[in-house]
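Report on the structure given below.
We're numbering straight along the sequence, starting at 1. Remember, it's 1-based here, ligands and their atoms both numbered in the order they're listed.
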Amino acid sequence: MIVAIDGPAGSGKSTIARMVAEGLGFTYVNSGSVYRAMTLRALRLGLDPKDAEAIIACSRKARIEYSGGRLRLDGADAEAELRSREVDSLVAQLSAIPKLREIVNAHVRAIAGSTDAVVEGRDMTTVVFPDADAKFYLDASAEARAARRFGQGLTGSSMEEIRKNIEMRDSIDRAKSVGSLRIAPDAEYIDSSHLTIQEVYDKVYGKILQLREDHGR
Ligand code: DC
C-alpha cells in the first residue's frame, strides 16, 4: 500500500508522514530529503547552481540510500546537513530542473515502490504515485508554517527570514514546469493551521483505516 502526502514547506507533512508510517509499520520516504541531498552534493562540489548540466551530472552520480527514515549520501548519514541554511536557500531552485526531478523520482520509486510506504513531498500524489492507495494534501498558512519551522530551530534563521524563505519556496514550487505543487482532485485536503499534530494525525490515520476497511485489507 502506498500512502502519498503532499503540501507546501512547513505544513507538518514530514511529522505526520513519519508518525503514520510508524503507526502502520510502513517505510517512511521524504522526497524533499532526496532533493536536499542532491543540493548538498552540488554545494560540496562547489558547482554553479545555474549550470543545470553540471547539477544533473552530479545528481546522476549520487549514491542515495534510505533506511529507518534516514538518508545516506555517498555512503554516509547526511541527515544533519540536509536542513542547513545553504541547502535551504538553493534546494527549491535546483528542484525545478526537470531532469533532476526524473532522477529523484526514480530514487523515490525504487525506495518505496516494492514495499508498503508513506511517501511525502510536493508531487507524490500527482506525478510520482498518481495511483497511490491513499492521498492527502496538508496545508497551513505561511505564518503558521514559519512559526513551526522557527520552533524546530534547525537553521539558526530568524522567524522573518524563515517566513520569507517559505514564501520564496512556495512561489517556486507552484510555478515549476514539471512536478509543481498542486492539489490532486482525489486527495483529502486538510488545513492544519489551527489543528494540533495529534488532530491532524487522527484525521489522516482514520482515513487510511477507513480506506483499508473499504478495500478489505
Ligand atoms: O519538503 P522540503 O521542504 O524538505 O523539500 C525541499 C525542497 O524540495 C522544496 O523546496 C521543494 C522540493 N521538493 C520538490 O520539488 N518535490 C518534492 N516531491 C519534494 C520536495
Handout entry: ligand 1 contacted by Lys13 (non-hydrogen, < 4.0 Å)
Key = yes
Fill in the blank from the handout: The reported gap from OG in Ser59 to CD1 in Ile97 (rounded to nearest 0.5 angstrom) is 7.5 Å
Handout entry: Per-residue contact class, Arg101 against ligand 1 - non-hydrogen pairs under 4.0 Å
Key = side chain
Exercise for the section: Report the part of Val128 in contact with ligand 1, treating N, CA, C, O as backbone and CB onward as side chain, heavy atoms under 4.0 Å; options are side chain, backbone, both, neither. Expected result: neither
Handout entry: Salt-bridge present (Asp170, Arg145; N to O < 4.0 Å)
Key = yes
Exercise for the section: May I ask you to decide whether Glu188 forms a salt bridge with Lys207, counting only side-chain N to carboxylate O separations under 4.0 Å? Expected result: yes
Completion exercise
Judged by heavy atoms only, the candidate from Arg36, Met38, Arg149, Arg122 nearest atom 1 (O) of ligand 1 is Arg122
Within ligand 1, which atoms have a heavy atom of [X] less than 4.0 Å away?
{"X": "Asp173", "answer": "10 (O), 11 (C)"}
{"X": "Gly121", "answer": "18 (N), 19 (C)"}
{"X": "Ser31", "answer": "17 (C), 18 (N), 19 (C)"}
{"X": "Met124", "answer": "18 (N)"}
{"X": "Ala92", "answer": "10 (O)"}
{"X": "Ser95", "answer": "12 (C), 15 (O)"}

Are any of the N/O atoms in [X] less than 3.5 Å from those in ligand 1?
{"X": "Glu120", "result": "no"}
{"X": "Asp123", "result": "yes"}
{"X": "Tyr35", "result": "no"}

Using atom types as modelled and distance alone, determine if a side-chain donor or acceptor of [X] lies under 3.5 Å from a backbone N or O of [Y].
{"X": "Tyr66", "Y": "Asn30", "value": "yes"}
{"X": "Asp77", "Y": "Arg72", "value": "no"}
{"X": "Arg148", "Y": "Ser11", "value": "yes"}

Practice task
Take Arg83 and Ser33, measure what side-chain hydrogen bond (donor to acceptor under 3.5 Å, both in side chains) needs, and give me the verdict at the end.
Solution key: CA-CA 9 Å; Arg83 279 158 193 84; Ser33 291; 3.0 Å; yes
Fill in the blank from the handout: From the list Lys176, Arg36, Arg122, side chain to side chain donor-acceptor pair (under 3.5 Å) with Ser95 holds only for Lys176
Fill in the blank from the handout: atom 10 (O) of ligand 1 has as its nearest protein heavy atom Arg169 NH1, 3.1 Å
Fill in the blank from the handout: Ranked by distance from atom 7 (C) of ligand 1, the top protein heavy atom is Val91 CG2, 3.6 Å
Exercise for the section: Work out which heavy atom in Met19 is nearest to a heavy atom in Ile197; give both atom names and the distance. Expected result: SD-CG2, 3.5 Å
Exercise for the section: Evaluate the side-chain contact (heavy atoms from CB on, under 4.5 Å) criterion for residues Arg41 and Asp74: first the C-alpha distance (whole Å), next the side-chain angles of each, then the deciding distance (0.1 Å), finally the verdict. Expected result: CA-CA 9 Å; Arg41 196 167 201 277; Asp74 299 332; 2.8 Å; yes
